[in-house]
2 protein chains.
Amino acid sequence: MNARRKFRREGEERRRQDLIDATLDSVAEYGLQGATLRTIALRAGVTAGLIRHYFPGKEELLQEAYAALVGRMTEQAKAALVMEDASPRQRLAAFVTANLNAPIVDRRVFSLWATFLGRANADPALARAHREGYLGFRDEVEAVVAEVLAAEQRKPDAGELRRHAIAINAIIDGLWIEGCLAAEMFSPGELAAIGVNAIEAELGLTPQKGGNQ
Amino acid sequence: MNARRKFRREGEERRRQDLIDATLDSVAEYGLQGATLRTIALRAGVTAGLIRHYFPGKEELLQEAYAALVGRMTEQAKAALVMEDASPRQRLAAFVTANLNAPIVDRRVFSLWATFLGRANADPALARAHREGYLGFRDEVEAVVAEVLAAEQRKPDAGELRRHAIAINAIIDGLWIEGCLAAEMFSPGELAAIGVNAIEAELGLTPQKGGNQ
DNA sequence: GGCCTTGTTGCGCAAGTGTATAAATAGCCC
DNA sequence: GGGCTATTTATACACTTGCGCAACAAGGCC
């Protein structure tokens, strides 16, 4: 009796990923305070002590988890931009639509985003991780906007371009938040439609017949 | 030696407010995990045991603190709407401008907002407090938008009005976040100008000469 | 001024935390 | 199949946490 628990050895990268995923799950469900090493380990199917074999401490685990989250979010968001043979305007619309539907609009992701961002004030490492992801996102927006306006024969100066990008970024972020916090208040696709309309109005694009395809 | 600490008796309401303020300060500075009863009490200038004289437990203290925060935020936000002798369009612009400048655009407030919202997923009481403040805000937006459009002789149906309010709310929220997280990236008044422009574009208002007063 | 109420302190406690470390065993190499 | 090693478990530890409770004293009341 009192037999020692059976276990399997996993590859290093696999185990690290499992621990990071378990961390994100725990934070999303119980918050930062509820995400203890024991909770995380339980969810990952290991014992708490193992975590220190892969991470110097809890803080580093949390930082890596946040970095992973930001990485996945921006990766998914940008993925919608790689459409070949599409007009800039269509690509912008597709980008907005992708960012205002599942899986990006998601309560769990929002909960994680807010939780970590709340600590960014006190933790420079988290603040940096956020800043990098955010600026990358906005650069992407600015690039597409430039293409859209160029296709319309318009030549905005740098300041105008920047202000458009800021506004469009705000529209996407704001709608994303509304969708995450109260998904049941919107019909499917409604947020995306509102977003595309608002953004095309911001850019002064003339509405296309049939709404927006 | 070992003298007992001197203290003053405060009025009940005053002490409760002090404790709530100390709680918000602690959460903003150290996050939810760092906001321990002892930290809060230290900042309030009392000992930890006293907190239980005013609140059933830590959870209730946090909930009341969040409710107080939401109340103050929406109160400040709505205050900009009570301008007499101003056109609806001017009132809308004033509302947007007020929401995109200090003291509403503030790192500390954002940190608190994000921290509590991150836990709203798991804590229904926090979720309710947020929902109430949010819906009140959006109703306010919708009412002003209705006035603005009426002044332009336009008669939007309920759905159109709702979509405008959603978009405008998103613009304000999104710019608010950008401002809170990276205030140094924007010149004074820039965010408000971007917001007013975006919102007037959303509503299809013709630009007024001299930009927006 | 002395008493009485109750706001307030100070201390203790059990539960839970992150970390340290020794003991065990899974799985590869030969 | 028998070691070797590094992954994994298990346990211990010092510390912090929220909470309970008894003693104390501040300040109103007579």
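Remember, it's a predicted structure, so these values are computed and weren't measured experimentally. Chain A is the first sequence line, chain B the second, and so forth, proteins listed ahead of strands; every chain is numbered from 1.
Inter-residue side-chain proximity for A/Met185 and B/Leu135 is flagged as met; some heavy-atom pair is nearer than 4.5 Å. Looking at A/Asp123 and A/Leu62, their side chains never come closer than 4.5 Å, going by heavy atoms from C-beta outward. You'll find the side chain of B/Ile172 reaches within 4.5 Å of the side chain of B/Ile199, heavy atoms only.
For A/Ile40 and C/dG16, the CD1 to P distance is 17 Å, given to the nearest whole Å. Taking atom NZ of residue B/Lys6 and atom C1' of nucleotide D/dA26, one finds them 10 Å apart after rounding to whole Å. Between A/Leu19 atom CG and C/dG18 atom C1' the separation is 15 Å, expressed in whole Å. Rounded to an integer number of Å, the gap from B/Arg8 CZ to C/dT8 P is 10 Å. The CG atom of A/Leu42 sits 16 Å away from the P atom of D/dT8 (whole-angstrom rounding). As rounded to whole Å, 15 Å separates atom C1' of C/dT17 from atom CG of A/Leu32. With rounding to whole Å, A/Ile51 atom CD1 is found 14 Å from C/dA20 atom P.
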Sub-3.5 Å pairs of nitrogen or oxygen atoms, protein against nucleotides 4-6 of chain C:
{"from": "C/dT6", "atom 1": "O2", "to": "B/Arg9", "atom 2": "NH2", "distance (Å)": "2.2"}

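Remark: B/Arg119 is not positioned above the aromatic ring of B/Tyr66, lacking an NZ or CZ atom under 6.0 angstrom from the ring centre and at most 45 degrees off the axis.
For the ring pair (Phe, Tyr, Trp, His ring centres under 6.0 Å) test with B/Trp176, the passing option among B/Phe110, B/Phe137, B/Phe186 is B/Phe110; the others fail.
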Per-nucleotide protein contact string for nucleotides 15-24 of chain D (B base, S sugar-phosphate only, - none; heavy atom under 4.0 Å): --BBBS--BS
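Within 4.0 Å of B/Glu10, counting heavy atoms only, lie sugar-phosphate atoms of the nucleic acid but no base atom.
Between A/Tyr54 and D/dT7 there is no side-chain polar atom (N or O) within less than 4.0 angstrom of OP1 or OP2. In this model, the phosphate group of C/dT8 is approached by a side-chain N or O of B/Arg15 to a distance below 4.0 Å at OP1 or OP2.
Classification of A/Asp21 and A/Arg72 as a salt-bridged pair holds, one side-chain N sitting under 4.0 Å from a carboxylate O. Using a 4.0 Å cut-off between a side-chain N of Lys or Arg and a carboxylate O of Asp or Glu, B/Glu64 and B/Arg16 qualify as a salt bridge.
Between C/dG10, D/dT8, D/dT9, one nucleotide has an atom nearer to the side chain of B/Thr47 than all others, and that is C/dG10.
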Check against salt bridge (charged side-chain N to carboxylate O under 4.0 Å, His left out), A/Asp25 and A/Arg108: CA-CA 8 Å; A/Asp25 283 343; A/Arg108 176 179 169 278; 2.8 Å; yes
From CA spacing to verdict: side-chain contact (heavy atoms from CB on, under 4.5 Å), B/Phe116, B/Leu24: CA-CA 10 Å; B/Phe116 281 113; B/Leu24 291 177; 4.0 Å; yes
